[in-house]
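Working notes, structure below.
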Amino acid sequence: MPEGHTIHRAARDQRPMLVGQALTVASPQGRFHAGAAVLDGQLCTAIDAYGKHLLYRFAADHALHIHLGLFGRFRSSRLPAPEPRGAVRVRLMSGSHVVDINGPNACEVLDAHESAALIARIGPDVLRADADAERAWMRITRSRVAIGQLLMDQSVIAGIGNIYRSEILWRQRIHPATPGTAIKRDGFDRIWADAVHLLAIGVERNAIVTVDAARPSRSRYRERVNIFGKTNCPACAGPIERFELAARRVFACTACQPIL
DNA sequence: TTGATTGTTACCGG
DNA sequence: TCCGGTAACAATCA
């Protein structure tokens with residue numbers, strides 16, 4: 001693919017499909033590990049993740065921006081490349097593998113200014129070494145919005161999704177309906193630290209695992225979370241309440257997670 | 001065929 | 001300005 005990217009038309013609609021070169025490993029939350037890609041003849045110099053947003057950086061200050069959204073998927077296979085399945089928006093190829101990106105929420109080439117604007121509107125990413133937790137704390141402690149909703153706001157804190165928010169708040173014994181203003185500094189610190197801990201496990205295992213004692217690959221998905229989708233609390237055996245927050249279902253144990 | 005879903009953004013009204 | 005509510009969009013599977 002030395003000639004760089006080629007614009008195609010995806011099978012099901014008029015969105016452009018890019019073809020480049022890459023060596024890639026998918027992981028949860030849309031994060032990507034190291035790779036190499038070519039766009040317009042330019043070599044990819046880095047793949048950065050900011051929360052759930054991915055930036056494939058190229059020379060000439062351009063970046064391919066990918067956000068998988070709720071339905072986007074990476075599909076990796078060995079060469080020879082199979083026929084694209086479904087709505088493939090990007091096809092990345094190496095000498096031995098092909099990675100198709102299906103149905104991403106965002107799929108666009110950004111210039112330096114646009115990339116900077118994107119990063120600026122995303123809150124501190126718990127998995128980034130340069131994350132500024134104080135930014136998240138200031139937003140939370142000044143807001144009367146429920147903590148379960150604030151954790152879903154990617155401009156407040158980036159990286160946590162719908163499953164992780166229920167799991168983190170249960171692990172830290174904080175009810176999702178607790179207003180941000182009622183969260184103490186210690187509570188915030190524990191939320192942040194647990195998010196760092198759990199998301200790092202997610203990257204390592206390529207799965208959402210929030211049960212401390214979860215056995216490796218053998219364990220089934222249901223056994224990897226404490227509370228999400230469950231009816232009884234694994235700690236006290238009491239009933240789990242389920243309600244909507246930020247238009248998504250959230251789970252909590254009223255006994256273990258008192259509302260402050 | 002229907003409904004649900006590991007997500008985000010835009011827009012409107014209070 | 002903040003906040004809640006709604007809709008739109010996306011792909012796949014049970």
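Below, chains carry the letters A, B, ... as their sequence lines are ordered, and counting in each starts from 1.
A:E241 has no carboxylate O lying under 4.0 Å from a charged side-chain N of A:R249, or vice versa, which leaves the two without a salt bridge. With respect to the salt-bridge test (charged N to carboxylate O, under 4.0 angstrom), the residues A:D125 and A:K52 do not qualify. Between A:R75 and A:D100 there is no salt bridge, since no side-chain N of the basic residue sits under 4.0 Å from a carboxylate O of the acidic one. A salt bridge links A:R190 with A:D186; the closest basic N to acidic carboxylate O contact falls under 4.0 Å.
Distance A:I66 CD1 to B:dG7 C1': 15 Å, rounded to the nearest Å. The CZ atom of A:F74 sits 19 Å away from the P atom of B:dT6 (whole-angstrom rounding). Rounded to whole Å, the distance from CG on A:L151 to C1' on B:dG7 is 15 Å. Between the OH atom of A:Y50 and the C1' atom of B:dG7 there is a distance of 20 Å, given to the nearest Å. Atom CG of A:L199 is separated from atom C1' of B:dT6 by 11 Å (rounded to the nearest Å). Straight-line distance from the CD1 atom of A:I163 to the C1' atom of B:dT5: 9 Å, rounded to whole Å. In this structure, CD1 of A:I101 is placed 18 Å from P of B:dG7, rounded to the nearest angstrom. Regarding A:M152, its CE atom lies at a distance of 15 Å from the C1' atom of C:dG4, rounded to whole Å.
With respect to A:R171, the side chain to side chain donor-acceptor pair (under 3.5 Å) criterion is satisfied by exactly one of A:T210, A:D212, A:N226: A:D212.
Counting any heavy atom pair closer than 4.0 Å across all strands shown, A:R142 reaches no nucleic acid atom. Residue-level contact check: A:Q149 touches the backbone only, with heavy atoms under 4.0 Å from sugar-phosphate atoms and none from bases. Contacts of A:R248 with the nucleic acid, taken as non-hydrogen atoms under 4.0 Å apart, include base atoms.
For A:N162, whose side chain is taken as the heavy atoms from C-beta onward, the closest listed nucleotide among B:dG7, B:dT9, C:dC3 is B:dG7. Counting only heavy atoms from C-beta on, A:V145 has its side chain closest to C:dG4 among B:dT8, B:dT6, C:dG4. In this structure, the nucleotide among B:dT5, B:dG7, C:dC3 sitting nearest to the side chain of A:R242 is B:dT5. Relative to the side chain of A:F71, the nucleotides B:dT6, B:dT8, C:dA11 differ in distance, and C:dA11 lies closest. Considering only side-chain atoms of A:R249, the nucleotide from C:dT12, B:dT6, B:dG7 that sits closest is B:dT6.
Contact annotation: A:R75 side-chain N/O to C:dT12 OP1/OP2 distance is under 4.0 Å. Within the 4.0 Å cut-off from OP1 or OP2 of B:dT8, at least one side-chain nitrogen or oxygen of A:K52 is found. Contact check, A:N102 against C:dT12: a side-chain N or O comes under 4.0 Å of OP1 or OP2. A:R165 has no side-chain polar atom (N or O) that falls below the 4.0 Å cut-off from OP1 or OP2 of B:dT6. Contact between the side-chain N/O atoms of A:Q154 and the OP1/OP2 oxygens of B:dG7 is not found at any separation under 4.0 Å. Residue A:S143 places none of its side-chain N or O atoms closer than 4.0 Å to OP1 or OP2 of C:dC2.
What you find for A:L68 and A:R73 is that their closest heavy atoms are CD2-N, 3.9 Å.
Toward the 5′ end of DNA chain C lies the nearest nucleotide of A:A247, the other residue of the pair A:R73 and A:A247 mapping further downstream.
With a 3.5 Å ceiling on both atom-pair distances, the Watson-Crick or G-U wobble partner of B:dG7 is C:dC9.
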